[in-house]
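Whatever order the structure lists ligands and atoms in, that order sets their numbers, starting from 1. Because only heavy atoms are used, hydrogens play no part in the values below, and waters and symmetry mates are left out as well, while side chains stay in.
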Amino acid sequence: MSHNFALIGYPVEHSLSPWIHEQFMTKANITGTYSKIEISPQVPFAGVLNRLKEKNLDGFNITFPYKQTIIPFLDELDESAKAVGAVNTVLCREGKWIGYNTDGIGYLRSLENKFPELIKDKEKRILLIGAGGAARAIYHALTEAGCLHIDIANRTREKAEELSSSISPGHLPRTLSMEEAPSLAGNYDLLIQTTSVGMKPDIGRVVFPLNNLKDEAVASDIIYQPLETAFLKQAKAAGAKIHFGHTMLLYQAQYAFEIWTKQRPSTLEMEEQLQQRLEGR
Ligand code: ATR
């Protein structure tokens, strides 16, 4: 049986998701297609989606700018999508569309793969930088995994407070302003950068300067263009270990594939291949 998957968004031309899912299909011995469906914001979204319902899709990914726009068109929302308030994966089953958000689990898997002790030891102190959609997904996954100490730094303090009050980990999360963050960064075992600061073309920018970090701290950035952001470069110079953003891209796709096919494909060698593809751009 052949499977039909797709990616919906705007723009999607340069997305690496088709490459990732084609690799997964080969590894899982599944025949099928993963096509890109670009919906311009000028086109009525509802019309395109209604036509899509008639297609024989097994599942699709949904990306910028439609992760929230899709919600009214879904029949059910999984717990992750409810908690995050955004959907990036849809399972089409028996005429129903079910929405999921795989970003949080994807991030968690990528981190566990490289730094398992950060998740195993629930007492590790984590600083989440940013309070947007990606931060919400990661915060939810970390709290679900039992992490007890997660503080949030954000440019707009109220958004950090809103996120911290929505889901409470074991302790009362502390919120930090970006001005306070540099002097407190040394308290954390893991710093997770989720804002868009430092993304191409503004590759020289950092969300806040990192100079005083704890021994053995891990700095993680979910940006993957560029792969080594200015944030990661500063963290490395301050003695931290670093965790690259393309790994989250890979594992959120792995979890989406698992939702669609009930198979978890191996990611062996794919991190390096993905890295080469990103660097070759
Ligand atoms: P995503 O879904 O990718 O997380 P988002 O929901 O738009 O995107 O969230 C963007 C995040 O980047 C927010 O935390 C935002 O901070 P605010 O809540 O203050 O807007 C943060 N961000 C964007 N540009 C920033 C900048 N120049 N400096 C600091 N933070 C920034």
For Val197, atoms of ligand 1 separated by under 4.0 Å from a heavy atom: 25 (C), 26 (C), 27 (N), 28 (N), 29 (C), 31 (C)
Atom indices of ligand 1, in the order listed, that fall short of 4.0 Å to a heavy atom of Arg205: 27 (N)
Structural part of Thr156 in contact with ligand 1, heavy atom criterion under 4.0 angstrom: both
Which of the ligand 1 atoms, numbered from 1, are nearer than 4.0 Å to a heavy atom of Gly130: 14 (O)
Heavy atom of the protein closest to atom 5 (P) of ligand 1 (residue, atom name, distance): Gly132 CA, 3.9 Å
Distance-only polar pair, side chains of Asp103 and Asn88, donor-acceptor under 3.5 Å: yes
Which of the ligand 1 atoms, numbered from 1, are nearer than 4.0 Å to a heavy atom of Ser196: 12 (O), 23 (C), 24 (N)
Salt-bridge contact Glu216-Lys241 (side-chain N to carboxylate O under 4.0 Å): yes
Under-4.0 Å heavy-atom contact between protein and atom 7 (O) of ligand 1: no
Short N-O contact, Arg109 and Glu258, less than 4.0 angstrom: yes
Ligand 1 contact on Asn154 by region, counting heavy-atom pairs under 4.0 Å: side chain
For atom 12 (O) of ligand 1, closest protein heavy-atom neighbour: Thr195 CB, 3.3 Å
Expected output: side-chain Thr102 to main-chain Gln252 donor-acceptor under 3.5 Å: yes
Centroid separation Trp19 to Phe24 less than 6.0 Å: no
Considering all heavy atoms, the nearest Ala160-Asn154 contact: CB-CB, 3.8 Å
Gly133 neighbourhood, listing ligand 1 atoms whose heavy-atom distance to it stays under 4.0 Å: 1 (P), 2 (O), 4 (O), 6 (O)
Contact atoms of ligand 1, heavy-atom distance to Lys159 under 4.0 Å: 17 (P), 18 (O), 20 (O)
Salt bridge present between Arg157 and Glu180 (N-O < 4.0 angstrom): yes
Ligand 1 to Ala134 polar contact by distance, N or O atoms, under 3.5 Å: yes
Between Gln193 and Thr195, a side-chain donor and acceptor under 3.5 Å: yes
Any side-chain donor near an acceptor of the partner, Thr261 and Gln263, under 3.5 Å: no
Arg155, portion touching ligand 1 at heavy-atom distance under 4.0 Å: both
